[in-house]
Amino acid sequence: MSSLIQSVKGTRDFYPEELAARRWLYKAIRSVSESFGYQEYEGPYLESIELYAAKSGDELVKEQSFVFPDRGGNLIALRPELTPTLARMVAQKQRQLVYPVRWWSFGPFWRYERPQKGRAREFFQWNIDLFGIESPEADAEIVAIAAGLFKKVGLTPDQVKILVNSRRLVSAELSALGIASEKQAEISRWIDRRAKMNTYAWEAYASELGLEAKQIIQIKEFLQNYDTWKKSDDLSRFFAGIEAFGCRDYVDFDPNIVRGLDYYTGIVFEAIETDGEIRRSILGGGRYDNLLADVGGQPLPGVGFAMGDMVFSLVLEKHKLLPNFGNRPPAPILVTVFDESLLHASISLAAELRSHGFDILNYPESEKLSKQLKFADRMGIKIAIFLGPDELAKNLITIKVLSTGQQYSLTREHAAEALHKQLAGLPPS
RNA sequence: GUGCCAGUAGCUCAAUGGCAGAGCACCUGACUGUGGAUCAGGUGGUUGAGGGUUCGAGCCCCUUCUGGCACCCCA
């Protein structure tokens, strides 16, 4: 046992049950994405490190990426995020694409961080983006898609909220207080920290940044005012759009939302669990109108978000919204084996039924029937089929319904029809 | 990368520095053409790994790995 080679730190093994859960999540994401007319795409998992150095820069690449040299000595990274890849893909075909471009993706990412609840080194992420439209209605569409997923999986507006702010609004506000635009990024980061620091330390830090006492008071007032969005034409239109999309109850204005990434230019948002028990944000995104130009393309407005699978799964688990994938049978029917001499007869029977379109499990060797039925029971199989000397003599098979214990015999010719009926009459797993 | 907590059977957990245990699970039988329930019996451990202190270590000390929590950062 102790000699087992350990899995790589921060990776997860997906046993059938867990893979079923992941695929369920994928299906929900695909369904919502497609319902808004978004197309699925995928990028490479390996990227040259320069791709990230150009934009993400600093910490994400240097500290939090898996990087290794290839045989030619070039530094390769396991992708820590998708946006740079997406920006490249769009830039490469910028003149051929039909706008607006609406794309989504769900795949693996890697970050070299300390694993903890809701965070691993290898994780899956949903990315969805809209390019080519600058309007608040485009922002509203992206946010509505996030709300659409919550609705689809059964999360209510009481349980999750999408908090929205506008970098433009914050910037205007700070400028009005006499704060130079060069300082505003720093101030934003300070605002972002507020929830994590105690009031005293937070205000002391503000003084260090050169803010005057009066400015600190004014910023605090701004951060406590949840109606400021009404002063902004963009946000007013955004919320009118959200209303029209039918998901206003999932979305709130929150002036404290700033987001870490530098490239956001307009709205920023993140989804949280309302009672705060799960402290990490579920998803985050915003508008990034300069990104494409920054990576060498023509200017092109974009808006989008990313959602990791781990925090979202925690939220679903907490609210008991994940289906139970525990006892899902791999096939509904098991063909048992009476004894060694009839093993091939059973295999043939199963093959015959498969040709009628049934998913069939063979018991692979002669064993006591009780053991075969126990196997069927534990696998969650619905129907066991017996083919013994009695049946064979009369060209019959016996069907046993495990949930009721009922069994009956019928001719082989009628088996397919009877099985269809029998399966249709049983509750789905 | 920093700090704190934890790791004992497949799982959940016991064991004052003194014989490593229980429940569940698993296997066998009661039941040679029939699962779940019940009863009886049985298998299962280098106490995460390595070192140290001690007559003696699951327990104390050091190192390390893994997980969890708080930083950091973010999905």
Pairing partner (Watson-Crick or G-U wobble, both distances under 3.5 angstrom) of A57(B)
none
Quiz item: cation-pi between Arg167(A) and Tyr264(A), 6.0 Å / 45°:
no
Counting distance alone, no hydrogens or angles: does the base of G33(B) have a donor or acceptor under 3.5 Å from a partner atom on the side chain of Gln372(A)?
no
With rounding to whole Å, what would you report as the distance between A14(B) and G58(B) at their C1' atoms?
12 Å
Between C73(B), A75(B), A70(B), which nucleotide gets closest to the side-chain atoms of Gln64(A)?
C73(B)
Using a 4.0 Å heavy-atom cut-off across all strands, classify Ser281(A) as base, sugar-phosphate, or nothing.
sugar-phosphate
Write down the distance between CZ (Arg378(A)) and C1' (A25(B)), rounded to a whole number of angstrom.
8 Å
Heavy atoms only, 4.0 Å cut-off, all strands: where does Gly10(A) land among base, sugar-phosphate and nothing?
sugar-phosphate
Residue mapping more 5' on RNA chain B - nearest nucleotide basis, Lys117(A) or Leu402(A)
Leu402(A)
Are Ile385(A) and Ile333(A) side-chain neighbours, meaning at least one heavy-atom pair lies under 4.5 Å?
yes
For U16(B), which nucleotide in any strand shown is its Watson-Crick or wobble partner with both distances under 3.5 Å?
none
Could you tell me how far C55(B) sits from A9(B) if I compare only their C1' atoms? Round to whole Å.
30 Å
Calculate the interatomic distance between Ile257(A) atom CD1 and C74(B) atom C1'; express it in whole Å.
14 Å
Considering only the C1' atoms, how many Å lie between A6(B) and G44(B), rounded to the nearest integer?
25 Å
In terms of side-chain heavy atoms of Ala306(A), which of G29(B), U34(B), A75(B) is nearest?
A75(B)
Using atom CD of Glu277(A) as one end and atom C1' of G68(B) as the other, report the distance to the nearest whole Å.
15 Å
Side chains of Phe239(A) and Val143(A): closer than 4.5 Å at any heavy-atom pair?
no
Can you measure Asp377(A) atom CG to G35(B) atom P for me and round it to whole angstrom units?
10 Å
pair_partner(C71(B)), Watson-Crick or wobble, both distances < 3.5 Å, evaluates to G1(B)
When the C1' atoms of G1(B) and G18(B) are considered, how many whole Å apart are they?
43 Å
Pro115(A) side-chain proximity, nearest of C72(B), U34(B), G67(B)
G67(B)
Measuring only between side-chain heavy atoms, which start at C-beta, is Glu391(A) closer than 4.5 Å to Arg412(A)?
no
Quick one: look up who A49(B) pairs with, Watson-Crick or G-U, both distances under 3.5 Å, and put none if it's unpaired.
U63(B)
Between A75(B), C69(B), G33(B), which nucleotide gets closest to the side-chain atoms of Glu113(A)?
A75(B)
Which nucleotide, C71(B), G33(B), C74(B), lies nearest any side-chain atom of Pro389(A)?
G33(B)
Please confirm whether the shortest side-chain N or O distance from Lys9(A) to OP1 or OP2 of U66(B) is below 4.0 Å.
yes
Specify the separation, in whole Å, of atom CD of Gln116(A) and atom C1' of A75(B).
12 Å
Reading RNA chain B from 5' onward, which residue's closest nucleotide shows up sooner: Leu387(A) or Gly284(A)?
Leu387(A)
Protein-nucleotide distance (Lys368(A), atom NZ; G35(B), atom P), rounded to Å
10 Å
Phe123(A)-A75(B) aromatic stacking (under 5.5 Å, under 30°):
yes
Contact between Ser48(A) and Asn74(A) at the side-chain level, heavy atoms closer than 4.5 Å - yes or no?
no
Using whole Å, report how far NZ of Lys374(A) lies from C1' of A37(B).
11 Å
When the C1' atoms of G50(B) and C74(B) are considered, how many whole Å apart are they?
36 Å
Give Asp309(A) one of three labels, base, sugar-phosphate or nothing, depending on what nucleic acid heavy atoms sit under 4.0 Å from its own.
nothing
Touch check for Ala271(A), heavy atoms < 4.0 angstrom, all strands: base, sugar-phosphate only, or nothing?
nothing
Given G33(B), C72(B), U2(B), which nucleotide is nearest the side-chain atoms of Arg114(A)?
U2(B)
Which part of the nucleic acid, if any, lies within contact of Phe386(A), taking any heavy atom under 4.0 Å across all strands shown: a base, the sugar-phosphate backbone alone, or nothing?
base
Is it possible for you to check whether Arg111(A) lies under 6.0 Å from the centre of the six-membered ring of Phe66(A), through NZ or CZ, and within 45° of that ring's axis?
no
For Arg119(A) and C69(B), what is the distance between atoms CZ and P respectively, to the nearest whole Å?
10 Å
A9(B) - base-pair partner by Watson-Crick or wobble geometry, distances under 3.5 Å:
none
Assign Glu270(A) to base, sugar-phosphate, or nothing according to its heavy-atom contacts below 4.0 angstrom with the strands shown.
nothing
Applying a 3.5 Å limit to both distances, which nucleotide forms a Watson-Crick or G-U wobble pair with G29(B)?
C39(B)
Are Tyr288(A) and Asp294(A) close enough that some pair of their side-chain heavy atoms sits under 4.5 Å apart?
no
Gln92(A) atom CD, over 12 foreign heavy atoms within 6.0 Å:
yes
Please state the P separation for the pair G48(B) and U32(B) - nearest whole angstrom.
43 Å
Consider the side chain of Lys371(A), meaning its heavy atoms from C-beta on, and name the nucleotide among G36(B), U28(B), U34(B) that approaches it most closely.
U28(B)
Considering only the C1' atoms, how many Å lie between C62(B) and C24(B), rounded to the nearest integer?
37 Å
Between A22(B) and C5(B), how far apart are the two C1' atoms, rounded to whole Å?
26 Å
